[in-house]
Amino acid sequence: MDNTLKEKIFNLLGKDTAASNLNIKLVEIDNGTAIAKMEVDERHMNGLGTVQGGVLFTLADFACAAAANSQGKIAVSLNANINFVKAVNSGTLTATATEMYLRRTVGGYNVDVRDEEGELVANFQSTSYRKDPK
């Protein structure tokens with residue numbers, strides 16, 4: 001991946017205040033792939049004392065946005081779905097996004113969210129719309 005494009009995406013996603021308020025960090029990006037991490041703390045918890053589903057969705061969506069924008073076109077989500085597999089209440093969560101297909105105007109992405117032991121916490125799928133530059 002071109003370093004200029006990589007820097008542009010890191011800058012774009014650095015403006016994501018929802019992700020920054022949740023302490024979600026983009027740690028790696030390449031063509032069609034991205035990794036984001038989040039250290040779990042009290043702001044992520046639901047009433048049962050586990051990470052809230054919307055927080056897991058945001059972590060996965062953030063990694064997906066990085067992967068979808070890695071091909072040089074602005075990409076926005078058209079659809080997203082998440083399956084919650086395991087409850088967690090501590091540690092570092094890692095979201096790994098992988099491009100499943102890429103067409104002129106759409107791309108498909110899979111994101112696995114895993115805990116520190118590598119166990120699947122959630123699986124997220126998204127279809128992104130790729131915008132032509134103006």
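Computed from a predicted model, the values in this text were never measured in an experiment.
In this structure, Met100 places its CE atom where only 12 or fewer heavy-atom neighbours from other residues, nucleotides or ligands lie under 6.0 Å away. Within 6.0 Å of atom NZ in Lys37, 12 or fewer heavy atoms from other residues, nucleotides or ligands are found, so the atom counts as exposed in its surroundings. For NZ of Lys8, the number of neighbouring non-hydrogen atoms (other residues, nucleotides, ligands) closer than 6.0 Å is 12 at most. Within 6.0 Å of the CZ atom in Arg43, the count of heavy atoms belonging to other residues, nucleotides or ligands exceeds 12.
Counting only heavy atoms from C-beta outward, the side chains of Phe10 and Ile29 approach each other to under 4.5 Å. Looking only at side-chain heavy atoms (C-beta outward), Leu56 and Phe84 come within less than 4.5 Å of each other. Counting heavy atoms from C-beta outward, Ser70 and Ile9 have side chains that approach closer than 4.5 Å. Side-chain contact between Asn89 and Met45: present, with at least one pair of heavy atoms (C-beta onward) separated by less than 4.5 Å. Side chains of Asn23 and Lys25 form a contact here, defined as non-hydrogen atoms less than 4.5 Å apart. The shortest side-chain heavy-atom distance between Ile24 and Thr58 falls under the 4.5 Å cut-off. Side-chain atoms of Asp115 and Lys86, non-hydrogen and from C-beta on, do get closer than 4.5 Å to each other. The shortest distance between side-chain heavy atoms of Val85 and Val121 does not fall below 4.5 Å.
Counting only N and O atoms by type, the side chains of Ser126 and Ser77 include a donor and acceptor under 3.5 Å apart.
When atom types are taken as modelled, the side chain of Asn69 and the backbone of Ala65 share a donor-acceptor pair closer than 3.5 angstrom.
Atom CZ of residue Arg114 and atom CD of residue Glu119 lie 9.0 Å apart, to the nearest 0.5 angstrom.
Checked against Asp41 for a side chain to side chain contact (heavy atoms under 4.5 Å, CB included), the options His44, Met38, Glu39 give a single hit: His44.
Shown here for Thr17 and Ser20, the closest heavy-atom pair between the two residues is O-OG, 3.1 Å.
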